[in-house]
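Comments concern the structure below.
All values below come from the heavy atoms of this structure, side chains included, with hydrogens, waters and symmetry mates left out.
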Amino acid sequence: MKRFAFIMAGLLLFSAANAQDKEALKAQKDAQKAAESALKKAKQTYELSIPNPQYGRKETDFNKLENSLPLIQEAMKSEYTKDNPQTWKTAADIELEYYKKLENETKADPDNEDLKQKYIETSSNLVNYCIKYDSLLILNPKAKPDEVKTQHTMYQQYAVNPAIQLLQASQNYSNSDKQEDLKLGAKYSEEFLNAVEKSHLMNDFKNENLNDWKTYAKAFRAQSYLNIEGTPEDKIVSVYTDLMSTKYKGVAYQSLSNYYREKDPAKQNQYLQEGIDALKDDPEQKDLRANFAIILMQNQFQKGDKEGFKKTAALIKEEFSDNDNAINAYLMEGQMTFEDKQYDEAKAIFLTAKEKFPDEPKTLLMAARSAWMKAQAGGSKKEDMDEAIRLFKQLESENPEDPELWGESLYILYNNTQQPTLAAPYKKYYKAN
């Protein structure tokens, strides 16, 4: 009896499971039927809305076309129709009508921001629908090669102008100071680059401006991400690294060096050095390269990186001697040598700087101080003290209106060499403390 009960229970469970399977299968068939019906109705509604001389329709009936939108949305989301090329062809066809309508409306009302935003959103949809249709069409084993080629060319042309609208939008939004705008700038530049660099739809598209468009999109994308709060560090580095292969490589290295200025000085120096190397043969960015070198040199000096400093200073003196800031290479090198108590070498560096930058009084001032320190370190020999006095007197003759540079020093030097008569005129500059 128990065995019979067990058998009956098993049969009941099997029957229940079988019933559930049938219900699930029926639900799947119903969902598939609904999705395919939605696609069919969306396509029919589209065809009955667009101009057709045979039926006397000269313009698109947007009141009727609007009814196709929820239908095609359902087809695009359903697992039964989302991989059907016809779903995305129909979506692109519908969106093209709205794109043309909004294009005309924005031309008629160019200051209408709401209208422009709708135009950009429609451009985005149209580009992405065309890309999706093309990607599925080439995977369809039943599609004839000639038809695939014809459709590919047609929908590529549908997508080109909307893609350019995305590029323009990415520029506008990347220059905003609003976070939401910057996010749109990043979104649209990514979509443009996905279309022209990654999609099959545009892989054979030819235009003499295409490389420039890609470059601009990368620049707008990088600028957007840099200013979006909370953008991950690796994303910042990635988008600017992608920009390094373009004519904006200087901007890329500059932006990354600025990005790391406070958070990681070692990485700042890394990108400054990479920028110096990358711009070596780019005469149009010579000034930017010089700026990189000067900032790097200052950082190395402040951190006490003597070897790195000397290398960068030598580069500046050799290649950027006409730069207004090149004098710092000499002044810092002289200062570093001075602090190492190599006074003769320091004086020579400052005097060389004096020859190259005759209007900068710091060069002669530091040369005079170097001579004085040599004298003090060497027991105040007369010839060393006289050399210090000579240089301070030269400084006085060239800068008579600025006694702060030479007055007190000459008073002390003359007194230390037992020349009170010569010291007397300079006593008024002495600041005893």
Side-chain angles (χ1 to χ4, degrees), residues 46 50 60 62 65-66 69 72-73 76 88-135 151-225 227-228 239 242-243 246 248:
Y46 161 75
I50 61 175
T60 299
F62 284 98
L65 184 62
E66 187 176 355
L69 297 179
I72 197 60
Q73 286 292 330
M76 287 191 290
W88 300 95
K89 179 182 185 300
T90 304
D93 290 341
I94 294 170
E95 205 70 26
L96 179 63
E97 295 303 309
Y98 283 100
Y99 172 81
K100 292 186 291 187
K101 176 176 181 287
L102 286 164
E103 183 179 37
N104 292 329
E105 289 176 352
T106 53
K107 286 180 180 178
D109 189 6
D111 297 326
N112 189 323
E113 293 299 324
D114 290 338
L115 199 59
K116 284 195 289 187
Q117 182 56 40
K118 289 180 182 178
Y119 181 38
I120 297 305
E121 290 171 0
T122 297
S123 298
S124 173
N125 289 339
L126 180 53
V127 170
N128 288 315
Y129 296 164
C130 289
I131 289 174
K132 185 70 173 180
Y133 169 51
D134 181 75
S135 69
Q151 293 292 297
H152 169 79
T153 302
M154 180 184 302
Y155 284 81
Q156 180 186 90
Q157 291 303 310
Y158 287 170
V160 170
N161 287 333
I164 293 173
Q165 295 306 316
L166 297 183
L167 178 62
Q168 182 64 57
S170 68
Q171 178 183 19
N172 294 338
Y173 287 122
S174 70
N175 289 318
S176 175
D177 57 1
K178 298 178 181 178
Q179 287 294 301
E180 290 306 312
D181 287 350
L182 292 168
K183 290 175 183 178
L184 289 173
K187 174 181 183 291
Y188 293 137
S189 57
E190 292 278 22
E191 289 185 358
F192 177 83
L193 289 168
N194 178 64
V196 299
E197 286 194 329
K198 299 177 182 178
S199 76
H200 176 270
L201 180 68
M202 305 295 283
N203 68 352
D204 58 350
F205 175 69
K206 305 294 183 185
N207 188 288
E208 61 181 5
N209 297 313
L210 183 58
N211 286 334
D212 284 339
W213 293 344
K214 292 178 182 179
T215 298
Y216 297 146
K218 291 176 181 179
F220 304 147
R221 177 180 64 177
Q223 183 170 305
S224 293
Y225 278 120
N227 292 297
I228 293 173
V239 294
D242 206 19
L243 199 58
T246 74
Y248 294 122

Please answer whether the main-chain N or O of D212 pairs with a side-chain N or O of N209 as donor and acceptor at a distance below 3.5 Å. no
Would you please test Y133 and Q151 for side chain to side chain donor-acceptor pair (under 3.5 Å) and show each step? CA-CA 9 Å; Y133 169 51; Q151 293 292 297; 2.8 Å; yes
Measuring from Y173:OH to L166:CG, what's the distance to the nearest 0.5 Å? 11.0 Å
Among all residues two or more places apart in sequence or in another chain, which pass the side chain to side chain contact (heavy atoms under 4.5 Å, CB included) test with N194? I131, K198
Heavy-atom closest contact (S124 atom, K187 atom, distance): OG-NZ, 3.5 Å
Backbone N/O of K118 and side chain of T122: donor-acceptor pair under 3.5 Å: yes
Return the minimal non-hydrogen interatomic distance between Y155 and L201, and the atom names on each side. C-CD1, 3.8 Å
When rounded to the nearest 0.5 angstrom, what distance separates OG1 in T215 from CG in D242? 9.5 Å
Any donor-acceptor pair under 3.5 Å from T60 side chain to F62 backbone: no
Return the NZ to CG distance between K116 and N172, rounded to the nearest 0.5 Å. 7.0 Å
Going by side chain to side chain contact (heavy atoms under 4.5 Å, CB included), name the residues that satisfy it together with N211, two or more places apart in sequence or in a different chain. K214
Looking at CG of L65 and CD1 of I50, how far apart are the two atoms once the value is rounded to the nearest 0.5 Å? 9.0 Å
From CG (L115) to NZ (K107), nearest 0.5 Å: 13.0 Å
Determine the minimum heavy-atom distance between Y248 and A219, stating which atoms define it. CD1-CB, 4.1 Å
Can you find a side-chain donor-acceptor pair between E105 and N112 that sits under 3.5 Å? no
Residue set satisfying side chain to side chain donor-acceptor pair (under 3.5 Å) with Q171, at least two apart, ordered chain then number -> Q168
Check whether any side-chain heavy atom of Y188 sits under 4.5 Å from a side-chain heavy atom of V127, and report yes or no. no
I'd like to know if the side chain of D134 reaches the main chain of C130, judged simply by a donor and an acceptor atom lying under 3.5 Å from each other, with no hydrogens or angles considered. no
Using 30° and 60° as the class limits, which term best fits the ring planes of F205 and W213: parallel, tilted or perpendicular? parallel
Would you call the rings of Y129 and W88 parallel, tilted or perpendicular if under 30° counts as parallel and over 60° as perpendicular? tilted
Using a 3.5 Å distance criterion without hydrogens, assess whether the side chain of N203 forms a donor-acceptor pair with backbone atoms of S199. no
Test: K101 and E97 ion pair at under 4.0 Å: no
State which residues pass salt bridge (charged side-chain N to carboxylate O under 4.0 Å, His left out) with E197; sequence neighbours excluded, sorted by chain then number. K218
Test log, rule side chain to side chain donor-acceptor pair (under 3.5 Å), inputs Q156 and D204: CA-CA 9 Å; Q156 180 186 90; D204 58 350; 2.7 Å; yes
Whether over 12 other heavy atoms sit under 6.0 Å from Q157 CD: yes
Minimum side-chain heavy-atom gap L243-V239 below 4.5 Å: no
Taking every heavy atom of S174 against every heavy atom of L182, the minimum-distance pair comes out as O-CD2, 3.6 Å
For the side chain of E95 and the backbone of S123, is there at least one donor-acceptor N/O pair under 3.5 Å apart? no
In terms of side-chain geometry, is the basic nitrogen of E180 or K183 positioned less than 4.0 Å from the acidic oxygen of its partner? yes
Indicate the atoms forming the closest heavy-atom contact of L126 with Y158, along with that distance. CD2-O, 3.8 Å
Donor on one side chain, acceptor on other, N161 and E103, under 3.5 Å: no
Nearest 0.5 Å, what's the OH-CG distance between Y216 and L193? 14.0 Å
What are the two closest non-hydrogen atoms of H200 and H152, and how far apart are they? O-CE1, 3.3 Å
Determine, stepwise, if the pair Q117 / E121 fulfils side chain to side chain donor-acceptor pair (under 3.5 Å). CA-CA 6 Å; Q117 182 56 40; E121 290 171 0; 3.2 Å; yes
With sequence neighbours left out, what residues match D181 under salt bridge (charged side-chain N to carboxylate O under 4.0 Å, His left out)? none
Side chain to side chain contact (heavy atoms under 4.5 Å, CB included) involving S189 - partner list, sequence neighbours excluded: S170, R221
Between Y119 and Y99, is the gap from one ring center to the other below 6.0 Å? yes
